[in-house]
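Just so you know, these numbers come straight off a predicted model, no measurement behind them. Lettering of chains follows the sequences in order, A, B, ..., and the numbering in each one begins at 1.
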Protein chains: 2
Amino acid sequence: MPPRKPASKDPEPLPRSARKDLTRAKLLQAALTLMGEGRSFTSLGLREIAREAGLVPNAFYRHFRNTDELGLVLVEDVGITLRRLLREARKMDVAPRDMLRRSVSVYLEYVKLNRLQFLFISSERSGGSRILRLAIRNDVTHFTNEMAQDFRIRGLYAQLPTASLQMVCGMIVMTMLAAATDVLDLPPDQPLLEAEMSENFVQQLKIILFGATRLNDALTRS
Amino acid sequence: MPPRKPASKDPEPLPRSARKDLTRAKLLQAALTLMGEGRSFTSLGLREIAREAGLVPNAFYRHFRNTDELGLVLVEDVGITLRRLLREARKMDVAPRDMLRRSVSVYLEYVKLNRLQFLFISSERSGGSRILRLAIRNDVTHFTNEMAQDFRIRGLYAQLPTASLQMVCGMIVMTMLAAATDVLDLPPDQPLLEAEMSENFVQQLKIILFGATRLNDALTRS
DNA sequence: ACGATTAGTGTACGAATGTACACCAATATA
DNA sequence: TATATTGGTGTACATTCGTACACTAATCGT
């Protein structure tokens with residue numbers, strides 16, 4: 001004879017708030033999933049997202065006022081992802097030989113690992129809702145600033161005024177995002193194209209770093 | 001007594017095909033106008049565009065099968081605009097001093113002049129319909145290639161293999177597009193911010209050109 | 001001059017969307 | 001244990017959309 005609780009039902013006796021967070025996460029994931037299927041976030045509807053999450057349309061309102069608000073949470077998550085990337089990059093610490101190439105391949109792996117998030121920022125950074133655009137731009141700017149700060153700490157380009165250093169980091173970030181965009185809409189498992197793309201990426205960074213070095217040296221001599 | 005034709009009516013006795021081209025242009029312009037009002041092209045509907053053009057929804061079909069097809073025509077127009085830009089750049093010919101800064105300011109003027117078109121590619125380049133994205137990427141690639149060819153003709157970076165030269169031009173174009181995006185969503189008539197942005201742009205190009213020079217020199221010496 | 005072509009209109013329909021309201025059942029609070 | 005909260009459901013409605021069909025009137029080809 002079964003116990004008081006039939007055991008087959010009641011799969012998760014969680015506190016209500018935990019359940020809420022769970023379905024909220026389902027909504028966020030649903031949006032990402034749909035984007036993974038080629039839809040652009042801007043074109044997603046509240047009903048569509050709820051449906052993908054296995055919910056009735058109205059349930060959406062229990063978590064977000066509208067799709068833009070959901071998008072902002074996604075941006076927030078991206079911010080966390082970027083911070084984690086920086087933290088891992090910092091670990092990679094002092095330069096062995098071809099550290100650049102290694103960084104690049106680590107980064108590209110990271111992009112593929114967080115595919116949907118990068119897809120999201122890549123397509124919404126200049127795309128749809130003004131609010132989202134600004135939020136993403138904000139995240140990217142923060143990322144850039146932290147990178148500049150890291151450069152400072154490591155004594156790289158020590159002669160450059162902060163503004164210039166930030167500009168250089170801005171170029172690096174821009175290049176990183178462009179590279180991410182490229183890997184992402186590369187047909188999957190094309191190791192040849194991907195290697196070529198990756199090599200291109202390395203060369204681009206080299207150019208930026210060369211240029212920055214020269215800028216730095218010019219200031220050193222004066 | 002008025003002549004056979006009442007004269008007050010009949011504003012344009014044009015051949016039919018010309019009239020057609022004219023309303024077609026109205027549709028294209030309508031799409032651009034709507035984008036100028038903050039809408040993203042992807043989010044525009046056939047009805048909306050027709051309405052803005054002063055037409056009944058069905059009239060749209062006499063010119064385009066769907067909005068994507070209209071978008072492709074817009075991309076084509078952008079291609080023409082870019083070609084014109086290159087032609088004018090070629091005229092500017094041999095380098096007086098601070099040619100770079102001049103080029104930049106000419107370019108930024110050009111962007112503001114063709115505001116809506118640049119707004120269009122900037123937001124659809126990574127944004128919405130796959131077809132449009134590819135078409136735009138194609139245009140940008142062509143632009144890049146022509147720029148590389150111009151470099152070749154002028155004997156710039158003569159030591160660089162074609163692939164590297166194209167990569168350098170790719171970086172320049174990427175930087176140009178990013179700068180365009182920046183001017184475009186700058187609040188209008190902020191000469192201070194714009195000047196700062198423009199100066200940043202110049203510095204970025206300098207870095208790329210420095211880096212490319214170094215790459216070229218390395219190959220020269222070997 | 002006359003019949004064919006066609007740019008643009010009018011009406012209509014099914015599908016999808018955002019949102020409002022009433023409701024339920026389980027959890028939380030007292 | 002009684003009550004209030006609340007995550008989720010069901011129904012409903014106005015709006016918008018893409019598109020199909022029939023129609024008109026002006027232009028074109030012969």
Side-chain angles (χ1 to χ4, degrees), chain A residues 4-31 34-35 37 39-73 128-129 131-132, chain B residues 4-31 34-35 37 39-73 128-129 131-132:
Chain A
R4 292 214 305 272
K5 290 189 177 187
S8 64
K9 289 173 73 177
D10 192 354
E12 296 169 72
L14 295 170
R16 185 148 68 182
S17 67
R19 277 181 185 277
K20 179 167 186 178
D21 288 0
L22 212 132
T23 65
R24 183 183 137 112
K26 266 200 284 191
L27 282 171
L28 293 168
Q29 183 55 47
L34 287 171
M35 294 186 52
E37 292 167 1
R39 310 288 319 274
S40 87
F41 177 80
T42 315
S43 76
L44 294 182
L46 163 169
R47 282 182 114 103
E48 206 174 356
I49 298 176
R51 196 184 313 134
E52 174 75 25
L55 294 177
V56 88
N58 265 320
F60 187 95
Y61 291 118
R62 302 288 178 194
H63 303 271
F64 308 101
R65 220 194 305 279
N66 49 49
T67 51
D68 262 13
E69 203 167 279
L70 183 147
L72 286 179
V73 174
S129 140
I131 298 185
L132 279 193
Chain B
R4 293 212 306 269
K5 288 190 175 185
S8 64
K9 289 173 74 178
D10 192 353
E12 297 168 74
L14 294 170
R16 186 150 68 185
S17 67
R19 278 180 185 277
K20 178 166 184 179
D21 287 0
L22 211 133
T23 66
R24 182 185 140 114
K26 267 201 283 191
L27 284 170
L28 294 168
Q29 183 54 47
L34 288 170
M35 294 185 53
E37 291 168 2
R39 311 286 321 276
S40 85
F41 177 81
T42 316
S43 76
L44 295 183
L46 163 168
R47 284 182 110 103
E48 208 173 356
I49 298 177
R51 196 183 312 134
E52 173 75 24
L55 293 177
V56 90
N58 264 321
F60 188 95
Y61 290 119
R62 299 289 178 192
H63 303 272
F64 308 101
R65 220 194 305 278
N66 50 47
T67 51
D68 262 13
E69 203 168 280
L70 184 148
L72 286 179
V73 174
S129 138
I131 297 186
L132 279 193

Asker: Between the base of C/dT19 and the side chain of A/Arg47, is there a donor and acceptor pair under 3.5 angstrom?
Answerer: yes

Asker: For A/Asp21 and D/dG8, give me the distance from atom CG to atom C1', rounded to whole Å.
Answerer: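 A/Asp21 atom CG is separated from D/dG8 atom C1' by 15 Å.
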
Asker: Give the nucleotide from the list D/dG7, C/dA7, C/dT17 with an atom nearest to the side chain of A/Lys20.
Answerer: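 For A/Lys20, the side-chain atoms sit closest to D/dG7.
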
Asker: What integer distance in Å separates B/Arg39:CZ from D/dT16:P?
Answerer: 12 Å

Asker: Check whether any side-chain heavy atom of B/Leu70 lies under 4.5 Å from a side-chain heavy atom of B/Leu27, and answer yes or no.
Answerer: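 They are in side-chain contact.
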
Asker: Does A/Leu44 have any side-chain contact (heavy atoms from CB on, under 4.5 Å) partners at least two apart in sequence or in another chain, and if so, which?
Answerer: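 For A/Leu44, the residues satisfying side-chain contact (heavy atoms from CB on, under 4.5 Å) (neighbours in sequence not counted) are A/Ala31, A/Leu34, A/Met35, A/Arg39, A/Phe41, A/Glu48, A/Ile49.
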
Asker: Under 4.0 angstrom, heavy atoms only, what part of the nucleic acid is B/Arg51 near: base, sugar-phosphate, or nothing?
Answerer: sugar-phosphate

Asker: Extract all donor-acceptor atom pairs below 3.5 Å that involve side chains of residues 53-67 of chain B and protein atoms in other chains or at least two apart in sequence.
Answerer:
unit_1	atom_1	unit_2	atom_2	d
B/His63	NE2	B/Thr23	OG1	3.2
B/Asn66	OD1	B/Asp68	N	3.1
B/Asn66	OD1	B/Glu69	N	3.0

Asker: Using a cut-off of strictly less than 4.0 Å between a heavy atom of the residue and any atom of DNA chain C, enumerate the qualifying residues of residues 53-71 of chain A by number.
Answerer: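 The stretch gives A/Asn58, A/Tyr61 as the residues lying under 4.0 Å from the strand, ordered by number.
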
Asker: Apply side chain to side chain contact (heavy atoms under 4.5 Å, CB included) to the pair A/Thr42 and B/Thr42, showing each step before the final yes or no.
Answerer: CA-CA 8 Å; A/Thr42 315; B/Thr42 316; over 6 Å; no

Asker: Between B/Arg24 and A/Glu48, name the one whose nearest nucleotide on DNA chain C is closer to the 5' end.
Answerer: B/Arg24

Asker: Identify all pairs in which a protein N or O lies below 3.5 Å from an N or O of nucleotides 28-30 of chain C, and state each distance.
Answerer:
unit_1	atom_1	unit_2	atom_2	d
C/dA28	OP1	A/Arg16	N	2.8

Asker: Strictly below 4.0 Å: does A/Thr23 bring a side-chain N or O up to OP1 or OP2 of D/dG7?
Answerer: no

Asker: Can you check the B/Ile49 CD1 to D/dC17 P distance for me, whole Å?
Answerer: 10 Å

